[in-house]
S.K.: 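Got a structure here, written out as structure tokens. Questions coming.
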Amino acid sequence: MKETKEPLAKFHARLDKEGRIAIPKAIREALNIEKNDYVEVIIRRIEIDSERSLIRVLKQGYLVARVGTKGLIFLPADLKRDFGLHEKDIIEVLLLGYHKFDELVSEKGKKLLSKVQASGKWIEVKQGELIPEDKIMRHFTYVFV
């Protein structure tokens with residue numbers, strides 16, 4: 001039996017002129033994600049090959065971000081620069097976890113805030129690598145039999 005971590009949601013988003021992407025309303029409503037909550041996501045720079053029906057992952061990074069109005073999250077300027085992202089580019093987003101603002105006074109919240117406030121704020125995740133392990137954060141795990 002092999003365990004694998006599955007994202008809570010996976011979607012494509014278009015980068016707006018402010019450098020933001022939006023978590024779709026249906027996902028926010030299903031998970032009760034609201035303004036000022038925090039999300040853990042993998043951001044993927046992708047290339048779509050329509051002729052071959054292929055989507056290639058060119059680069060990916062792990063990011064903790066605060067949710068704004070209408071589910072918007074800002075991508076750090078250095079992430080956009082390092083990934084070569086521009087307005088209207090389509091990126092793939094894997095929602096790994098979310099944290100209610102009210103939780104941020106707990107020990108778990110302090111750990112999450114330290115991630116958000118750390119320099120760099122995101123790290124590149126190479127193909128086949130795991131996201132940084134954090135014993136305090138909880139994720140859904142699926143078991144395939």
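The first residue in the sequence is number 1, and the count goes up from there. Just so we're clear, the structure is a prediction, and the values are computed from it rather than from any experiment.
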S.K.: Among the clusters formed by ILVMFWY side chains lying less than 4.5 Å apart, do Phe74 and Leu63 turn up in the same one?
M.R.: no
S.K.: Which atom names give the shortest non-hydrogen contact between Leu75 and Leu79, and what distance separates them?
M.R.: CD1-CD2, 4.3 Å
S.K.: Are the side chains of Leu94 and Leu8 in touch, meaning some heavy atoms are under 4.5 Å apart?
M.R.: no
S.K.: I'd like to check His12 versus Ile55 (side-chain heavy atoms, cut-off strictly below 4.5 Å). Are they in contact?
M.R.: yes
S.K.: Any side-chain heavy atom of Arg14 sitting closer than 4.5 Å to one from Ile90?
M.R.: yes
S.K.: Ignoring hydrogens and angles, tell me if any N or O in the side chain of Arg44 forms a donor-acceptor pair with the backbone of Gly61 under 3.5 Å.
M.R.: no
S.K.: Check step by step if salt bridge (Lys or Arg N to Asp or Glu O under 4.0 Å) holds for Glu34 and Lys100.
M.R.: CA-CA 8 Å; Glu34 301 170 317; Lys100 303 303 289 176; 3.3 Å; yes
S.K.: Can you check side chain to side chain contact (heavy atoms under 4.5 Å, CB included) on Lys35 and Thr69, steps first, answer last?
M.R.: CA-CA 6 Å; Lys35 181 179 178 181; Thr69 306; 3.6 Å; yes
S.K.: Taking it one step at a time, do Leu95 and Ile33 satisfy side chain to side chain contact (heavy atoms under 4.5 Å, CB included)?
M.R.: CA-CA 11 Å; Leu95 178 62; Ile33 296 174; 3.8 Å; yes
S.K.: Would you say the side-chain atoms of Asp16 pair up with the backbone N or O of Arg20, donor to acceptor, closer than 3.5 Å?
M.R.: yes
S.K.: Tell me if a side-chain donor or acceptor on Lys59 pairs with a main-chain N or O of Asp82 at a distance below 3.5 Å.
M.R.: yes
S.K.: Side chains of Tyr62 and Glu40: does their closest heavy-atom pair fall under 4.5 Å?
M.R.: yes
S.K.: Quick one: does Val39's side chain get under 4.5 Å of Val64's, heavy atoms only?
M.R.: no
S.K.: Within the structure provided, determine whether Pro7 and Ile42 are in side-chain contact (heavy-atom separation under 4.5 Å).
M.R.: no
S.K.: Can you name the nearest heavy-atom pair linking Phe11 to Ile27, along with the distance?
M.R.: CD2-CD1, 3.6 Å
S.K.: Is there side-chain contact between Arg66 and Asn36, with at least one heavy-atom pair below 4.5 Å?
M.R.: yes
S.K.: Do the non-hydrogen side-chain atoms of Leu72 and Ile21 ever get within less than 4.5 Å of each other?
M.R.: no
S.K.: Identify the heavy atoms of Ala13 and Ala22 that sit nearest to each other, and give their distance.
M.R.: CB-O, 4.2 Å
S.K.: Could you walk me through whether Gln60 and Ile43 pass the side chain to side chain contact (heavy atoms under 4.5 Å, CB included) test, one step at a time?
M.R.: CA-CA 5 Å; Gln60 61 182 1; Ile43 302 294; over 6 Å; no
S.K.: Please find the pair of heavy atoms, one from His86 and one from Leu15, that lie closest to each other, and give the distance.
M.R.: O-CD2, 3.5 Å
S.K.: What distance separates Ile91 CD1 from Lys80 NZ, expressed to the nearest 0.5 Å?
M.R.: 10.5 Å
S.K.: Within this structure, what is the CG-CZ distance for the pair Asp78 and Phe83, rounded to the nearest 0.5 Å?
M.R.: 10.0 Å
